[in-house]
Colleague: 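Please see the structure below; I have some questions.
Chain letters run A, B, ... following the sequence lines, proteins first, then strands; residues in each count from 1.
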Amino acid sequence: MTEKILMKGNEAIAEAGIRVGCRYFFGYPITPQNELPAYMSRRLPEVQGTFLQAESEVAAINMVYGAAGAGGRVMTSSSSPGISLKQEGISYLAGSELPCVIVNITRGGPGLGGIQPAQSDYFQATRGGGHGDYYTPVLAPQSVQEAVDLTMDAFDIADKYRNPVLVLGDGMIGQMMEPVEFKKEITPDQLPEKKWATNGAAGRKPNIINSLRLQPEKLEELNLKLQEKYMAMKKAEVRYETDNIEDAEYILVAFGTTARIVKSAADMAREVGMKVGIIRPITLFPFPEDVIAKASEKARFILTVEMSLGQMVEDVRLSAKGRCPVYFQGRTGGVVPKPGEILDNLKRLAGGGK
Amino acid sequence: MKQEVIIAGFGGQGVMLLGQLLANAGMYEGENVSWMPSYGPEMRGGTANCHVIVSSEPVASPYIVEPDTAIVMSLPSMEKFAPQVKKGGLLLINSTLIEKDPGRSDLDILKVPANKIANELGNTRIANMVALGAFVGRTGTVKMETIIEAMEKTLPKRHQDFIPLNTEALKRGAELA
Amino acid sequence: MKLVAKRPKALAEKPMHYCPGCTHGITHRLIAEVIDEMDIQEKTIGIAPVGCAVFAYDYFNIDMQQAAHGRAPAVATGIKRVLPENFVFTYQGDGDLASIGTAEIVHAAMRGEKFTVVFINNAIYGMTGGQMAPTTMVGQKTATSPYGREAAHAGYPMRVVEMLATLPGAAYLARVGLFNNREIKKAKKALRRSFEIQEKGLGFSLVEFLSTCPTNWGMAPLDALKWVEEEMVPYYPLGVIRDIEEEGGPKK
Ligand SMILES: Cc1ncc(C[n+]2csc(CCOP(=O)(O)OP(=O)(O)O)c2C)c(N)n1
Ligand code: SF4
């Protein structure tokens, strides 16, 4: 077994990428993810990789497009305002079916907003984000170790579906240090060949990376093909974790670091005799609809807790389909909810309070 | 065992490093740990703090609301964090820089003249180590040897020469506890 | 000479958040002095960038807007097109202007937009913690050029005023330093001239201020000023690079 080391989330995500053969990184500075590109600028040259600071996030994501199209295992990272700028490029990546990993260490918005942790990019992340009918798988780690594991998996998911994959953390995941272990070590030469890549048409017909389809029928055909991939993702890629939901009367739903705060609140609630369970979506797209649907059949209510003013709660409501009440509680702008606040709210709701 | 500590002071007082050594030591002893810093421009000259949890159970929220211990190295950080400490918890005060009374009679208050001792040892910058020594001496959260091991394993090469001096500072701190 | 430098009216009475020894404060003061001297406080609209000067809207007693990162010249274009009789200036760092906002600045100059740009070249990204800027010197170590900027990898530092000088729409272009009192006086003169060019409607004007970032350069303030003079000035020559009026008016 490898030894555990204490690492910052941002740096651990970068190292995770390198450990699964990512050798290309393009980014632009923005807090609270700056340690990630800085780490890459130090480490990538040691493994014959390329780190380039782009002139903007718009440029960075287009460099990712080029590198992905050329067959490279490639990654970029940013935080909310920068991710907004990348949306055009992400849409092109999805339309041209290019694999890459995009990390969003979310901060509070809208506009320039703040730099403290937030989850208010949920809608943007889970609805494609840019123009057109597309989705990207969204992986939401709750700890530094999980950020490492999910980043490693993100590259494989990206390659499997030829689609960009988003790792959605928040300022806490990026800045916090926790023990981590890197369970894989893959070098680029061990990765399967990408036959579609534009790496020189030597002895084969030219490959083309493109999202343009001027004929409506052709564009519809592309979209239907993309939809098939999203359906396949919904079948094969859903991930979640549950805690004590078997006998639970009350279900808490939360993702990312908020799920850990919710866990503290749930522990407190059980101490005072409330039967509380937790569902933690790990993939936000595809969303773990079934487990929530099932829980909603027995639960007295579901309480969704987010660091936003209510985004994932819409997916929870769509999954619960009115079978039980779905309440929302959140703090935003970089304010982190406190376990005590959640407990108080749970008690109030359980007592029939409005 | 669960110890939730907030460590706070001015930028440059080494509170982040103090927290990291504690978290590393906890990890080497097989505990679950987390270290979470304050971040952003307020750290320029302003106050910096980190939240450290060392626990035999997996760490739920890494964000501490009611710490078992607050280690405060400057007056503004005492004013901010002393009111948050759990009843019966520990408040470790850098008494060289903080004369004011914390106004909590329900806490175990440990006054450590960290800067004074550090100056006696010849380097103001190791005041953080004196405070860490006192904390470890009082609470036994981790062993002193493990803190030293953590320094050896994690300090960058150019700081390795300071380990004997840091160790001395840790010991002086522990004696006060 | 006056003994005490009074606070210019156009400068707000608010403590600035800049690090000790940072030249952002001096530049703010020069802008406020020029606004006072031209008596245009009520006619001037400033645009704050994203960077250490993001709070500039708090430091001037004038109307200000805060723009998205790099987009200040586009915002200024919008303002000036609505208010052609007013004075408009942007205040932008080298990351903001010469990296993410390169397209905006080039096209504002190309169109000959009649506003003034205060361009702060401190060879680094201050706000985000010292990453490489397009203006970072070859060999300079930063958070994202930990081995020193290498020209073969990251190119050579960008000389913004010389680049913009290829555009006929740029009516006034100058580069100034702030490393001694004589240079500060010259800087103010250039800044005043750039506002006059705007007043006369002659076109786009920009003054590049060679500035310091003691914090992220890891230097004492005085050493930082010396570094500007010794390391930056040889690569970034000082002086007026274009003054369209002195050159006989706009070209055909
Ligand atoms: C779209 C977007 N990307 C990145 C950032 C993060 N950011 C804030 S300030 C800054 C750079 C500032 O550097 P510079 O313009 O040189 O000004 P200085 O801080 O040195 O004065 C960056 C990249 C942002 N706010 N928005
Ligand atoms: S970080 Fe640099 S540019 Fe920003 S205020 Fe401090 S010294 Fe000035």
Side-chain angles (χ1 to χ4, degrees), chain A residues 8 10-11 14 24-63 76-89 105 107 109-115 171 174-175, chain C residues 47-57 65-72 74-75 92-106 124-136 140-150 152-155 157-158 160 163 213 216:
Chain A
K8 246 191 184 202
N10 282 332
E11 299 194 335
Y24 305 93
F25 183 94
F26 305 96
Y28 186 78
I30 186 165
T31 310
Q33 60 84 57
N34 285 319
E35 296 81 4
L36 204 166
Y39 187 90
M40 285 297 199
S41 73
R42 224 168 37 240
R43 271 286 278 142
L44 276 172
E46 291 174 1
V47 291
Q48 284 74 52
T50 298
F51 164 87
L52 198 64
Q53 183 175 306
E55 64 270 32
S56 69
E57 291 86 352
V58 176
I61 194 73
N62 284 291
M63 292 172 183
T76 184
S77 67
S78 190
S79 177
S80 310
I83 295 290
S84 289
L85 276 188
K86 287 186 201 285
Q87 290 306 334
E88 178 195 47
I105 301 296
R107 61 191 233 178
L112 198 49
I115 55 172
Q175 294 296 321
Chain C
I47 295 132
V50 174
C52 282
V54 67
F55 297 123
Y57 53 76
Q65 293 194 13
Q66 202 280 318
H69 196 22
R71 317 296 179 219
V75 174
Q92 301 178 257
D94 42 19
D96 195 80
L97 181 144
S99 192
I100 196 168
T102 327
E104 281 78 5
I105 198 68
V106 168
I124 209 157
Y125 284 40
M127 177 85 165
T128 39
Q131 293 83 4
M132 188 184 72
T135 47
T136 291
Q140 190 182 336
K141 285 189 180 162
T142 70
T144 50
S145 57
Y147 307 109
R149 179 178 186 158
E150 220 183 297
H153 177 72
M158 191 147 135
V160 169
M163 183 181 83
C213 178
N216 288 301

Colleague: Is the backbone of C:Thr102 close enough, under 3.5 Å, to the side chain of A:Glu55 for a donor and an acceptor to pair up by distance?
Modeller: no
Colleague: Which answer fits A:Pro45, side chain, backbone, both or neither, if we ask what part of it has an atom under 4.5 Å from a heavy atom of chain C?
Modeller: side chain
Colleague: Side chain, backbone, both or neither: which part of A:Ile30 has a non-hydrogen atom closer than 4.5 Å to chain C?
Modeller: backbone
Colleague: Where on A:Phe51 is there a heavy atom nearer than 4.5 Å to chain C: the side chain, the backbone, both, or neither?
Modeller: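 Its backbone and side chain both get close to chain C.
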Colleague: Looking at every heavy atom in both A:Thr31 and C:Thr128, which two are closest together, and how far apart are they?
Modeller: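 That closest heavy-atom pairing would be OG1-CG2, 3.8 Å.
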Colleague: More than 12 heavy atoms of other residues, nucleotides or ligands under 6.0 Å from OH of A:Tyr24: yes or no?
Modeller: no
Colleague: Between CD of C:Gln131 and OH of A:Tyr28, what distance do you get to the nearest 0.5 Å?
Modeller: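 Going from CD on C:Gln131 over to OH on A:Tyr28, the span is 9.0 Å.
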Colleague: Nearest heavy-atom pair of A:Ser41 and C:Tyr147: which atoms, and what distance?
Modeller: O-CE1, 3.7 Å
Colleague: Measure distances from A:Ala59 to the heavy atoms of chain C and classify the residue's part below 4.5 Å as side chain, backbone, both or neither.
Modeller: neither
Colleague: Please determine, among A:Ala38, A:Pro29, A:Ser56, the option with the most heavy-atom pairs under 4.5 Å with chain C.
Modeller: A:Pro29
Colleague: Counting only heavy atoms closer than 4.5 Å, note whether C:His69 contacts chain A via side chain, backbone, both or neither.
Modeller: side chain
